[in-house]
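Numbering starts at 1 and runs along the sequence shown.
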Amino acid sequence: MSRALERQADARAIGVCGILFLLLAAIALLGIMAGAVTLGFHEVLDALGGGKNTFIVMQYRLPRIAVSLLAGLSFGLAGVFLQGALRNPLASPDVVGITKWAGLGAFLAGLATPPAWVSWSVPLGVIAGALFGAAALLFVGRRFGGVASLALTGVALGMLAQALMQYIMVLHPSRADQSMVWLAGSVYGSTARDGLFLSLWLLACLPVVIYSALRLDAGGFGDDTLISIGISPPALRGSLILISVLLCAGGVAAVGSMGFLGLIAPHAARILVGSRARHLVPASALVGALALSSADLIGRVIALPNEIPAGIVAAVISGPYLVFLLIKETARHG
């Protein structure tokens, strides 16, 4: 009976992921067609073959779509691993402050290096900031309450990073406008180089993603249970947080800070396919990619000829859902 239920769950997960993939393909096609210059389906095919709209499609819209899909995938995976590590359904890289420290690292790197170096200094700053934020989270959280306090510790550290960023912007107002757009999260201006960087970064993270996915189900156990079955709780939770930080850093380096995507994607995936890691991880990645690409498309067409950054659209959609989750968790524990 259990095997039959397991096969049924597998079939459901495959079906859901297939539908999500088809939705991604539809959003990608709409993203190529829609914008300040609307293209028909045949015009898109002509552009792909070297026609008159080749520049719009190949140099502007296709890289933008690719980056939005890859960055959304990164945030979705980062969220599911972080929630597993902290055993907290309200945890996400944005909520616990990792994206804010990544943004602070990027901002400092941009200020400290010449403009010609920004293409490599900012990604390095993002990675350094995210790793510092995660290290501070683990150090402070474990000294003052263990796993249960990590989420609250992350919120406090994120507020500190935000305050430092605002202080630096006051000191350097000439960089504030550009930085605010980037920190809001935007796919605008993404290039094929950005897509290649993010693809290589995700490919490098893939072995650790697979390893972490295989151990994600164990993250739901308490520390005593993990020790009894021969698993080190600090090693397990530390590895899950590390891959979450690396995935988040790649996404932030490519598109800036995207609020709540790492929170919403795992929750939506959990509703669709359940909480088993082998179903949840791919579904979270697909939901994250779908959410960010949809947010970018909405931001591009809702206020033509202007554009609204995808991060703002994602936050507007995700904010009410976060309130709903808070009410739900309060009712469940109260």
Query raised in the report: Can you list the steps and then say if Arg61 with Glu43 is a salt bridge (Lys or Arg N to Asp or Glu O under 4.0 Å)?
Result: CA-CA 14 Å; Arg61 293 186 181 174; Glu43 291 176 301; over 6 Å; no

Minimal non-hydrogen separation, [X] against [Y], with atom names:
{"X": "Pro63", "Y": "Thr191", "answer": "CB-C, 3.5 Å"}
{"X": "Asp217", "Y": "Ala277", "answer": "OD1-N, 3.0 Å"}
{"X": "Ala34", "Y": "Leu297", "answer": "CB-CD1, 4.0 Å"}
{"X": "Gly31", "Y": "Ile65", "answer": "C-CD1, 3.5 Å"}
{"X": "Leu247", "Y": "Cys205", "answer": "CD2-CB, 4.3 Å"}
{"X": "Leu164", "Y": "Trp101", "answer": "CD1-CH2, 4.3 Å"}

Report task. Mind running side-chain contact (heavy atoms from CB on, under 4.5 Å) on Leu263 and Asp94 for me, showing each step along the way? Result -> CA-CA 8 Å; Leu263 172 68; Asp94 182 73; over 6 Å; no

[X] versus [Y]: any side-chain heavy-atom pair under 4.5 Å?
{"X": "Asp296", "Y": "Val255", "answer": "no"}
{"X": "Arg300", "Y": "Val187", "answer": "no"}
{"X": "Leu69", "Y": "Leu292", "answer": "no"}
{"X": "Leu20", "Y": "Val287", "answer": "yes"}
{"X": "Leu48", "Y": "Leu62", "answer": "yes"}

Treating [X] as the side-chain partner and [Y] as the backbone partner, does any N or O pair qualify as donor plus acceptor under 3.5 Å?
{"X": "Arg12", "Y": "Leu272", "value": "yes"}
{"X": "Ser74", "Y": "Leu70", "value": "yes"}
{"X": "Trp201", "Y": "Leu246", "value": "yes"}

Once you round to the nearest 0.5 Å, how far does [atom1] of [X] lie from [atom2] of [Y]?
{"X": "Ile312", "Y": "Ile298", "atom1": "CD1", "atom2": "CD1", "value": "13.5 Å"}
{"X": "Arg64", "Y": "Ser186", "atom1": "CZ", "atom2": "OG", "value": "6.0 Å"}
{"X": "Ile27", "Y": "Leu24", "atom1": "CD1", "atom2": "CG", "value": "8.0 Å"}
{"X": "Ile168", "Y": "Leu104", "atom1": "CD1", "atom2": "CG", "value": "5.0 Å"}
{"X": "Leu29", "Y": "Leu39", "atom1": "CG", "atom2": "CG", "value": "10.5 Å"}
{"X": "Leu216", "Y": "Ser239", "atom1": "CG", "atom2": "OG", "value": "10.0 Å"}

Can you get from [X] to [Y] by hopping between Ile, Leu, Val, Met, Phe, Trp and Tyr side chains that sit under 4.5 Å apart?
{"X": "Leu214", "Y": "Phe81", "answer": "no"}
{"X": "Leu198", "Y": "Tyr60", "answer": "no"}
{"X": "Leu131", "Y": "Leu160", "answer": "yes"}
{"X": "Ile14", "Y": "Leu290", "answer": "no"}
{"X": "Met58", "Y": "Tyr188", "answer": "no"}

Requested in this report: Would you check, one step at a time, whether the test side-chain contact (heavy atoms from CB on, under 4.5 Å) holds for Cys248 with Thr99?
Outcome: CA-CA 7 Å; Cys248 176; Thr99 56; 3.3 Å; yes

Query - Steps toward side-chain contact (heavy atoms from CB on, under 4.5 Å) verdict (Val245, Leu82) - result: CA-CA 8 Å; Val245 169; Leu82 191 63; over 6 Å; no

Requested in this report: Quick one: do Arg270 and His267 satisfy side-chain contact (heavy atoms from CB on, under 4.5 Å)? Show the steps, please.
Outcome: CA-CA 5 Å; Arg270 208 171 274 113; His267 271 280; 4.1 Å; yes

